[in-house]
Amino acid sequence: MSNKKLYVIVAFLIIAATILSACGPAVAPASKSVEVFSWWVGPGEADGLAAMVKVFNQQYPSISFDNAAVAGGAGTNAKAVLATRLAANDPPDSWQAHAGQETIANYVAANQVLPLDDLFASTGLNSVLPATLLPLISKDGHPYSVPVNIHRSNVMWYNSKVLTEAGVTADPKTDFATLDAFFAACDLVKAAGKICLSLGAPWTAIHLFENIMIGSMGADKWNGLWTSPPTTDWNGADVTTGIANFAKVLSYTNPDASTLSDWQTASKMVSDGDAAFNIMGDWAYGYFANAAPNGLALTPHTDFDWAVSPGTYGIFNFLSDSFVLPVGAKHPDAATDWLTVAASKAGQEAFNPLKGSICARTDCNQSLFSEYSQDAAKDWTANVVVGSLMHGVVAAPAWATSIGTAVGLFQADTTKTAEFQAALVAACATDGPCK
Ligand code: GAL
């Protein structure tokens, strides 16, 4: 190559480099993936996510969906992994967060997630979300997460055959207005040699605790535990009675509960005929009814049935799964596409019938849903709605964690009622609004 030619090439390269650098720093080629973090891995739970991902893949075929789900513990395991990643400045592109204090007092307060006003405007989500839900995902008028569903916590699944064999004539759908009526049925089941109420991994005891407290004290007093300051005294008689009832309920549970791996094992004890009842959120519906291999493919009313948990007729104890847009997402555009699907009617109509939940949106086609879910949708609008402790609605994570620790200690020794109540009082003082 002649010197002249070489000179021309070098000059060209210098000019090109100058033009490029004037356009800004070098940008990595757009990556076509979105990493979505949840805890929907287990039987019954993965189906719903897979159905929503299918809608996403249809609408955004060029973006690959990276499923970063972490199994177990109603999110306890996932949230621990997430906290480590957030501390290392390595957020997934979107993650599952419960509407309520879990989102607002945690991720929003720590400035880890971005407001979604634009997405709410472009998807029209504001006008199709229930009034109950908007304040739970908003701060200073800005929405911070996209709710995909409404789950019910206070459902009691049961096996009619076990009840009949034990001589229980009470109908769980109508005759358990009080916990005492439920205890009478449990005495019969216990005498027949079966477990009355199956219980799973440690977090399910907190799930049980909230529903027994509500069944014991009613909606207003439950709500009063979570106001700032609480209008229901943590040191008062309502909590004392609730604890006594919880101790009695625990006496009817399987002694190996805390060694079980998650909730599914306990729910399956009911459909297997080893236990009469299981109090678990309506994700259990998906597990019972969905097709194998993820679901048990059981027939409603025959293989399993459901009622509202004892003492909570007319009350809907709710939680809502939602997804956020992190500060510092690696693929913010793809994350926004994911959130757009999560917000959409198509996404929610694919997800919820398999998840056992109802849509967060109010305009889903009810004929896509099971009889169970259609009833839940009616109750959601007709009942008194209260918020779940275990699933992020009413208490900030630190407070919920210290209550959970107290529940665990009490489960190990249910004679320690005074100590348990003192621990609840202390939890509110240390991590809640009782300062
Ligand atoms: C809840 C979650 C539900 C379900 C459940 C059991 O916290 O909101 O969607 O996954 O845990 O894992």
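Computation of the quantities below employed the complete heavy-atom set of this structure, encompassing side-chain atoms and omitting hydrogens, waters and symmetry-equivalent molecules. Counting convention: from 1, in listed order, for ligands and their atoms alike.
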Axial cation check for [Y] ring with [X], 6.0 Å and 45° limits:
X      : Y      : answer
Lys173 : Trp306 : yes
Lys268 : Trp263 : no
Lys248 : Phe183 : yes

Taking side chain as C-beta onward, heavy atoms only, is Asp238 less than 4.5 Å from Leu225?
->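 Result no, sub-4.5 Å side-chain heavy-atom pair not found.
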
Phe65 and Trp338 aromatic ring geometry - parallel, tilted or perpendicular at 30°/60° bounds =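 Judged by the thresholds at 30° and 60°, the geometry between Trp338 and Phe65 is tilted.
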
Once the angle between the rings of Trp283 and Trp203 is folded into 0 to 90°, is it parallel (under 30°), tilted (30 to 60°) or perpendicular (over 60°)?
->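 Aromatic pair Trp283/Trp203 classed tilted.
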
Tell me the residues surrounding ligand 1, counting only those with a heavy atom closer than 4.0 angstrom, sorted by chain and number.
->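 Residues within 4.0 Å of ligand 1: Trp39, Trp40, Glu45, Ala74, His98, His151, Trp263, Trp283, Leu319, Asp321, Lys355, His391.
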
